[in-house]
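Data first, discussion second: the structure below is written as structure tokens.
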Amino acid sequence: MEGKIIVITSGKGGVGKTTATASIGAALAMENKKVAVIDMDIGLRNLDVVMGLENRIVFNIVDAVNGKCKVQQAAIKDRKIDNLFLIPASQSDNKNVISPAAMKNFCKELRTEFDFVLLDCPAGIEQGFENSVVGADEAIVICTPEVSAVRDADRVIGLLYAKSVLPKLLVNRIVPEMVARGDMLSHEDVVDVLSIDLIGLVPMDDNVVISTNTGAHLIHNKQSQAGKAFRRIAMRLNGNADLPIEVPRAKKGFWGKLGFKRGRNK
């Protein structure tokens, strides 16, 4: 059975695509799947840093696509998860060095090597986006609960449909307390606007910053609510489609847990 290729995209930068790629990839690998995560942001790579593999790079995605090395030579084995591999981006080339046709052919080879391939798509809808999408079976669109992010996600979803790539929605960096106060869009608001199937909801979590700075996998942190959400997303991608989506809830203070409301009745 051929592997599945999923592009993780958003249109807008800074919404958490790289963290999602690394975390979902690691979680799928821990589901006993052979997984490759690929940094498609040529010239501005950072997936290697997030995974703590920056010192092990010899070849990159440009070398592999253009036939300068084999897939196995470019794929860096993760330090802690046996069947997780990284193919990094080139730091010195530009996005035009890979053509969509060459990337499409490369994706055929990837299908024979891995159960899942996750492509970390660069921001924007130009050449890097074209290269990332051309060989994909489906897409995960990352969107934060912000009007600008929703607008950009809507644009990307239209482009994905035009290329016959099925999109699913991941709402990232939800702050339940802000949603409760009406200061942040709810995930229902985002889903209503974008009108695509929801794959997961990920809360804002300080552990993401810690994980990124240390190169440690977020899903290994049992205290991380974001890590837990990414693990559940991986389970859905791996066939457990009926697994309920947990909605991040605001934490109650001491008096809230006792059922008291702030202030006095008058």
Roughly how far apart are Glu54 CD and Leu86 CG, rounded to 0.5 Å? 10.5 Å
Without hydrogens or angle criteria, can the side chains of Gln127 and Asn131 be said to hold a donor-acceptor pair below 3.5 Å? yes
Tightest non-hydrogen contact, residues Ala250 and Glu177, listed as CA-OE2, 3.7 Å
Please report the interatomic distance CD1(Ile76) to CG(Asn55), rounded to the nearest 0.5 Å. 10.0 Å
I'd like to know if Asp78 and Lys80 make a salt bridge, using a cut-off of under 4.0 Å between side-chain N and carboxylate O. no
Do Cys107 and Met103 come close enough that some side-chain heavy atom pair is under 4.5 Å? yes
N/O donor-acceptor pair under 3.5 Å between Asn172 side chain and Val15 backbone: yes
Are Ile5 and Arg111 close enough that some pair of their side-chain heavy atoms sits under 4.5 Å apart? yes
Short N-O contact, Lys77 and Asp82, less than 4.0 angstrom: yes
Give the cluster check for Leu84 versus Ile57: same hydrophobic cluster or not, with ILVMFWY residues linked at side-chain heavy-atom distances below 4.5 Å. yes
Run the side-chain contact (heavy atoms from CB on, under 4.5 Å) check on Asp152 and Val156 step by step: do they pass? CA-CA 6 Å; Asp152 287 353; Val156 164; 5.8 Å; no
Quick one, Lys34 and Glu113 - any side-chain contact, counting heavy atoms below 4.5 Å? yes
Measuring only between side-chain heavy atoms, which start at C-beta, is Leu201 closer than 4.5 Å to Pro248? yes
Residue pairs fulfilling salt bridge (charged side-chain N to carboxylate O under 4.0 Å, His left out) with at least one residue in residues 37-53, sequence neighbours excluded: Asp41-Lys95, Arg45-Asp48
List the atom pairs, donor and acceptor, that lie under 3.5 Å between side-chain atoms in residues 224-234 and the rest of the protein, sequence neighbours left out.
{"residue": "Ser224", "atom": "OG", "partner": "Asp205", "partner atom": "OD2", "Å": "2.7"}
{"residue": "Ser224", "atom": "OG", "partner": "Ala226", "partner atom": "N", "Å": "3.4"}
{"residue": "Ser224", "atom": "OG", "partner": "Gly227", "partner atom": "N", "Å": "2.9"}
{"residue": "Arg231", "atom": "NH1", "partner": "Ile219", "partner atom": "O", "Å": "2.7"}
{"residue": "Arg232", "atom": "NH2", "partner": "Pro244", "partner atom": "O", "Å": "2.6"}

Between the main-chain N or O of Asp63 and the side-chain N or O of Asn60, is there a donor-acceptor pair closer than 3.5 Å? yes
Would you compute the distance between atom CG of Asp189 and atom CG of Leu194 and round it to the nearest 0.5 angstrom? 10.5 Å
Within 6.0 angstrom of Glu126 CD, more than 12 heavy atoms from elsewhere: no
In this structure, would Ile87 and Ile24 fall into the same cluster of hydrophobic residues linked by side-chain contacts under 4.5 Å? no
With salt bridge (charged side-chain N to carboxylate O under 4.0 Å, His left out) as the test, would you mind laying out the steps for Glu130 and Lys163 before giving the verdict? CA-CA 10 Å; Glu130 294 288 336; Lys163 296 178 182 298; 2.9 Å; yes
Which atom names give the shortest non-hydrogen contact between Ala26 and His217, and what distance separates them? CB-ND1, 3.7 Å
For Lys12 and Ser148, which heavy atoms make the closest approach, and how far apart are they? CE-OG, 3.3 Å
Check: Asp120/Thr18 side-chain N/O donor and acceptor closer than 3.5 Å: yes
For Phe106, does its backbone N or O pair with a side-chain atom of Glu109 as donor and acceptor, under 3.5 Å? no
With side-chain contact (heavy atoms from CB on, under 4.5 Å) as the criterion, how do Ile42 and Val62 come out once you've worked through the C-alpha distance, each side chain's angles and the decisive distance to 0.1 Å? CA-CA 8 Å; Ile42 297 171; Val62 174; 3.9 Å; yes
With a 4.5 Å cut-off on side-chain heavy-atom distances among I, L, V, M, F, W and Y, is there a chain of contacts connecting Phe116 to Leu218? yes
The reported gap from CE in Met51 to OG1 in Thr19 (rounded to nearest 0.5 angstrom) is 11.5 Å
Quick one: do Glu138 and Leu237 satisfy side-chain contact (heavy atoms from CB on, under 4.5 Å)? Show the steps, please. CA-CA 11 Å; Glu138 57 188 64; Leu237 291 173; 3.9 Å; yes
Distance col, row Asn66:CG vs Ser90:OG, nearest 0.5 angstrom, shows 10.0 Å
Heavy-atom nearest pair, Cys121 first then Gly128, reads SG-O, 4.4 Å
From CA spacing to verdict: side-chain contact (heavy atoms from CB on, under 4.5 Å), Tyr161, Ile196: CA-CA 11 Å; Tyr161 276 129; Ile196 60 174; 3.5 Å; yes
Say whether, by atom type as modelled, one donor and one acceptor occur between the side chain of Ser211 and the main chain of Asn207 under 3.5 angstrom. no
Has the side chain of Asn240 got a donor or acceptor atom that lies under 3.5 Å from a matching backbone atom of Met235? no
Keeping the roles fixed (side chain from Ser23, backbone from Ala20), state whether a donor-acceptor pair exists under 3.5 Å. no
Just wondering, are more than 12 heavy atoms of other shown residues or ligands nearer than 6.0 Å to CG in Asp183? yes
If two hydrophobic side chains count as joined below 4.5 Å and joins carry through other members, does Val150 share a cluster with Val202? no
Does Leu185 reach the side chain of Glu146, with side-chain heavy atoms less than 4.5 Å apart? no
Which heavy atom of Leu119 sits nearest to which heavy atom of Ser132, and what is that distance? CD1-O, 3.0 Å
Are the side chains of Pro145 and Val179 in touch, meaning some heavy atoms are under 4.5 Å apart? no
Quick one: does Asn83's side chain get under 4.5 Å of Val35's, heavy atoms only? no
Can you name the closest pair of heavy atoms from Ile38 and Leu47 and give their distance? C-CD2, 4.0 Å
Membership question, hydrophobic clusters at under 4.5 Å side-chain separation (ILVMFWY): are Phe129 and Ile8 in the same one? no
Quick one: CZ on Arg79 to CG on Leu53, what's the gap to the nearest 0.5 Å? 6.0 Å
Asp115 versus Lys4: any side-chain heavy-atom pair under 4.5 Å? no
Could you check whether atom CZ of Arg155 has more than 12 heavy atoms from other residues, nucleotides or ligands sitting under 6.0 Å from it? no
